[in-house]
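Not measured: the values here are computed from a predicted model. A, B, ... follow the sequence lines: proteins, then strands. Residue 1 opens every chain.
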Protein chains: 2
Amino acid sequence: MTAQTGERRRDAERTRTEIVDVATEEFAERGYSGARVDEIAARTRTTKRMIYYYFGGKEQLYLAVLERAYAEIRAAERTVDVDHLDPVAAVRRLAEVTFDHHEAHPAFIKLVGVENAQHAKHMNHVARLVDLNSSAVDLLRGVLDRGRAEGTFRDDVDALDVHMMISSFCFFRVANRHTWGALFDRDLLDESRRGHYRTMLGDLVTGYLRK
Amino acid sequence: MTAQTGERRRDAERTRTEIVDVATEEFAERGYSGARVDEIAARTRTTKRMIYYYFGGKEQLYLAVLERAYAEIRAAERTVDVDHLDPVAAVRRLAEVTFDHHEAHPAFIKLVGVENAQHAKHMNHVARLVDLNSSAVDLLRGVLDRGRAEGTFRDDVDALDVHMMISSFCFFRVANRHTWGALFDRDLLDESRRGHYRTMLGDLVTGYLRK
DNA sequence: CTTCTAATGTACGAACTGGTACGTTAGTTA
DNA sequence: TAACTAACGTACCAGTTCGTACATTAGAAG
């Protein structure tokens, strides 16, 4: 309750946050079973004991990591404003935001991969996540409705399918960067090709939607 | 050299194959560090000792798994014949073959994820893989050339980019099945939606390519 | 200043896990 | 049938890794 931040040697909140920060990197990089509790502790200014003190165990720590990662990305998505754009431009804008998100949060992408590798069994235990998650799709649905009413878009498309189309392109580019680089000698995240792929995604989606 | 197959108690080739079969499932399901050598051995008709006898260690076994998985999928790709189809139909056919492949080989998809999680560091040690891998893209490039010559396709598209477009859609659907199911309550592999997604992919790609 | 507790650190144990030393057997060859 | 080798099995070790018992301290409360 005091204001002497920065010099306190005991700060529960700070310790918790730091543990989750480091754990996010560790789990993203090595997977659930590959991640080492000792390693996470070592890269923190505190000790392994604190992980068990605050979180209870490796699994609960992973849960905390997952929950925070999703909460962050959904919060960012909610800030997008597309109402002042025409439907085509709005869809393109949404695709670009998703594109940028994926590029800016590689650790998140990796966590999604880790969670899928475990059949999403942890995610089901975090009820809060499901509530958070419709925001991006809801935005998209609104835009699609406008486009249909206007007569610009075909009217047999589902918002979730379009979201999947966009996500898959963005996800793949980040997630499979390494095998793609090894097999085809092309770095999908090379800065010089960034604009090209961003435009390509927009063309792809709007092209599909148009009547 | 004898012909008494089926009753031999000692069959090196059979033992090797069986180990790789089981290891493929184990590595795909649990990841590299999550996979247990003891578990692989237990699910085989032989013992852990044989894994070390034939492969040398966990890492070399993983390499053998990876190499065989890629060899299989590339071999299947090579069998596609698109020369008798017009460019648009041929592209659609290639997309569908990729789509079907991904659906039929979930273990392969998971291995790709596992390998990317490790920055594809093992793949670089399997030189044979890189040679194998251009087949799908070469086929596609030929079709794109025909389409351009014919005037049907835009002429600013790269075959590798189109291949990426197709792969990303197919990959995502299989790889992220579980988180998608948990977050949006939609099973991307549900049989009743299979045809829908297959058509959607074809529309998407051919729509993008057309002038 | 004393007391009390949340927060923190140290040291260690039990189970797991990759790997190996050593012995055995099937099947081939002379 | 005797000798030889590839193929196989058992038992075990050494290092790792999650988790915990126990001791300690910072800082708030009275």
Side-chain angles (χ1 to χ4, degrees), chain A residues 1-66 114 118 121-122, chain B residues 1-27 29-66 114 118 121-122 125:
Chain A
M1 205 46 73
T2 53
Q4 47 186 187
T5 43
E7 277 305 329
R8 284 172 65 182
R9 313 259 296 273
R10 307 203 139 193
D11 189 331
E13 201 48 46
R14 184 181 186 123
T15 302
R16 278 186 86 103
T17 306
E18 192 178 356
I19 289 172
V20 176
D21 287 344
V22 174
T24 298
E25 288 305 316
E26 178 79 2
F27 280 118
E29 204 50 48
R30 322 225 183 226
Y32 181 75
S33 54
R36 299 285 167 247
V37 177
D38 282 305
E39 179 63 22
I40 294 171
R43 284 160 55 188
T44 300
R45 274 173 306 176
T46 184
T47 63
K48 183 168 62 160
R49 179 68 186 81
M50 290 298 95
I51 292 175
Y52 288 90
Y53 183 67
Y54 284 118
F55 299 95
K58 185 181 184 179
E59 186 164 3
Q60 291 101 308
L61 174 57
Y62 173 76
L63 242 54
V65 164
L66 201 64
V114 170
Q118 300 172 71
K121 72 172 172 188
H122 294 102
Chain B
M1 203 46 73
T2 54
Q4 48 187 184
T5 42
E7 276 307 327
R8 283 172 65 184
R9 312 260 297 273
R10 308 204 141 193
D11 189 330
E13 201 48 48
R14 184 183 187 122
T15 301
R16 277 186 87 104
T17 306
E18 191 178 357
I19 290 172
V20 176
D21 287 344
V22 174
T24 297
E25 287 306 315
E26 178 78 2
F27 280 119
E29 204 51 46
R30 323 227 183 225
Y32 181 77
S33 55
R36 299 286 167 247
V37 178
D38 282 306
E39 179 63 22
I40 295 171
R43 284 159 56 188
T44 299
R45 274 173 305 177
T46 184
T47 64
K48 183 166 64 157
R49 181 65 186 82
M50 289 299 95
I51 292 175
Y52 289 90
Y53 182 66
Y54 284 118
F55 299 95
K58 186 180 183 179
E59 186 164 3
Q60 292 101 307
L61 174 57
Y62 173 76
L63 241 56
V65 165
L66 202 64
V114 169
Q118 300 173 73
K121 73 172 170 187
H122 294 100
H125 297 169

key: Point-to-point distance, once rounded to the nearest 0.5 Å, from CG of A/D21 to CD1 of A/I40   = 11.5 Å
Contact letters for nucleotides 12-22 of chain D, in which S counts primed atoms plus P, OP1 and OP2 and B counts the base, heavy atoms under 4.0 Å = -----SBBBBB
For [X] and [N], give me the distance from atom [atom1] to atom [atom2], rounded to whole Å.
X: B/R16; N: D/dA6; atom1: CZ; atom2: C1'; value: 13 Å
X: B/Y53; N: C/dG19; atom1: OH; atom2: P; value: 18 Å
X: A/E13; N: C/dT8; atom1: CD; atom2: C1'; value: 16 Å
X: B/R30; N: C/dG18; atom1: CZ; atom2: P; value: 12 Å
X: A/I51; N: C/dA7; atom1: CD1; atom2: C1'; value: 15 Å
X: A/R45; N: C/dA7; atom1: CZ; atom2: C1'; value: 15 Å
X: B/F55; N: C/dG18; atom1: CZ; atom2: P; value: 16 Å
X: B/M50; N: C/dT25; atom1: CE; atom2: P; value: 14 Å

request  = Quick one: which residue pairs count as a ring-ring contact (aromatic ring centres under 6.0 Å, His included) with a foot in residues 35-56 of chain A, not counting sequence neighbours?
outcome  = none
Phosphate oxygens OP1/OP2 of [N]: is one of them under 4.0 Å from a side-chain N or O of [X]?
X: A/T47; N: C/dT10; value: no
X: B/T46; N: D/dG9; value: yes
X: B/Y54; N: D/dA6; value: no

request  = Could you pull out all residues at least two apart from A/R49 that satisfy side chain to side chain donor-acceptor pair (under 3.5 Å)?
outcome  = none
ask   = Can you name the residues that form a salt bridge (charged side-chain N to carboxylate O under 4.0 Å, His left out) with A/E25, not counting sequence neighbours?
value = none
task = Apply salt bridge (charged side-chain N to carboxylate O under 4.0 Å, His left out) to A/K48 and list each qualifying residue two or more places apart in sequence or on a separate chain.
result = A/D38
Identify all side-chain donor-acceptor contacts of residues 29-37 of chain A below 3.5 Å with residues at least two apart in sequence or on another chain.
residue	atom	partner	partner atom	Å
A/E29	OE1	A/K110	NZ	3.1
A/E29	OE2	B/H119	NE2	2.6
A/Y32	OH	A/E59	N	3.4
A/S33	OG	B/G34	N	3.4
A/R36	NH1	A/S33	O	2.8

task = Please report the closest heavy-atom contact between A/V65 and A/V20, naming both atoms and the distance.
result = CG2-O, 4.0 Å
